[in-house]
Amino acid sequence: MRPKALLLDRDGVINIEKSYVHKVEDFEFSKGIFETLLRFQHEGFLLFIVTNQAGIGRGYYTEDDFLALTAWMTEQFEAHGIQIAKVYFCPYHPVHGIGEYKQDAYCRKPNPGMILQAKREYQLDLASSVIIGDKESDIEAGLRAGVGTTILIRNCKASSSTAATFTVKHVGEAAERFFETCK
Ligand SMILES: O=P(O)(O)OC[C@@H](O)[C@H]1O[C@H](OP(=O)(O)O)[C@@H](O)[C@@H](O)[C@@H]1O
Ligand SMILES: [Mg+2]
Ligand SMILES: [Zn+2]
């Protein structure tokens, strides 16, 4: 049976969005993120991060800066018993990218490139998978890739949702809403 995945946006989901976060000291884990990932992992989901990192393309920080922060972040998850299968990132920006980073890349959400790469590399069952994002572009990337459930985090009150899309106030509510509705 092909594995199911929890696909996570980073800024605004894993950590508080602070505009181009690229240093450990600015990285603040979101409320409920460890419990959420432990619950999905316990329920048999592989965990992936799919993140637009145009701050690299814009020249705000380097790929090495991003990889160093990612190594630290991954260590924090491992210290909580959470295994991240892989982190996919897209450094390009179609307008503000500098040099080779200026391109309309298929990996940049709302394009589904990062999700489809994960599907190929891990033979994922995307219809049984879940994506959690803080922007419409994250949700759109999931829909274009065929992800079965999309969860949008908005700081407005949680609202009722269509069959496949939830809106929750913060990521800590995501697991509860998903498993309560999809058990
Ligand atoms: O993990 P995410 O949420 O895909 O990462 C978003 C950040 O890279 C960055 O995204 C947006 O910047 P660009 O428009 O892609 O240049 C902004 O929302 C920034 O505030 C975010 O930090
Ligand atoms: Mg985000
Ligand atoms: Zn995003």
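We count ligands from 1, going down the list as the structure has it; atoms in each ligand are counted the same way. These values consider heavy atoms only, across backbone and side chains, with no hydrogens, waters or symmetry-generated copies.
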Interfacing atoms of ligand 1 (cut-off 4.0 Å, heavy-atom, S19):
20 (O), 22 (O)

Taking only heavy atoms of R108 into account, list the atoms of ligand 1 that are under 4.0 Å away from them.
13 (P), 14 (O), 15 (O)

With a cut-off of 2.8 Å, does D134 put an N/O/S atom close enough to the Mg ion (ligand 2)?
yes

Any side-chain donor near an acceptor of the partner, Y122 and R2, under 3.5 Å
no

Hey, is K86 close enough to E121 for a salt bridge, meaning N to O under 4.0 Å?
yes

Just which atoms of ligand 1 are under 4.0 Å from any heavy atom in R58?
14 (O), 16 (O)

Exam field: side chain T36 to backbone A175, donor-acceptor pair closer than 3.5 Å
no

Does the N or O separation between E17 and ligand 1 drop below 3.5 Å for any pair?
yes

Quick one: does H96 get within less than 4.0 Å of ligand 1, heavy atoms only?
no

With ring centroids as reference points, do F77 and F29 lie under 6.0 angstrom apart?
yes

Could you tell me, atom by atom, which parts of ligand 1 come under 4.0 Å of a heavy atom of H93?
16 (O)

Which N, O or S atom name in D11 marks its closest approach to the Mg ion (ligand 2)?
O

Please state whether K18 comes within less than 4.0 angstrom of ligand 1, counting heavy atoms only.
no

Side-chain H-bond candidate by donor/acceptor type, Y92 with Q53, under 3.5 Å:
no

Mark up the atoms of ligand 1 that fall under 4.0 Å of a heavy atom belonging to A54, in ascending order.
15 (O), 16 (O)

Of all the N, O or S atoms in D9, which has the shortest distance to the Mg ion (ligand 2)?
OD2

Which of the numbered atoms in ligand 1 are under 4.0 angstrom from any heavy atom belonging to R10?
1 (O)

State whether K109 and D9 are salt-bridged, where the test is any N-O pair (Lys NZ or Arg NE/NH1/NH2 against Asp/Glu carboxylate O) under 4.0 Å.
yes

Relative to the heavy atoms of T51, which atoms of ligand 1 are at a distance of less than 4.0 Å?
1 (O), 2 (P), 4 (O), 5 (O)

Taking the six-membered ring for Trp and the full ring for Phe, Tyr or His, determine whether the centres of Y61 and F66 are under 6.0 Å apart.
no

Just by modelled atom types, is the S30 backbone N or O under 3.5 Å from a matching donor or acceptor in the N15 side chain?
no

Any carboxylate oxygen within less than 4.0 angstrom of a Lys/Arg side-chain nitrogen, looking at K18 and E28?
yes

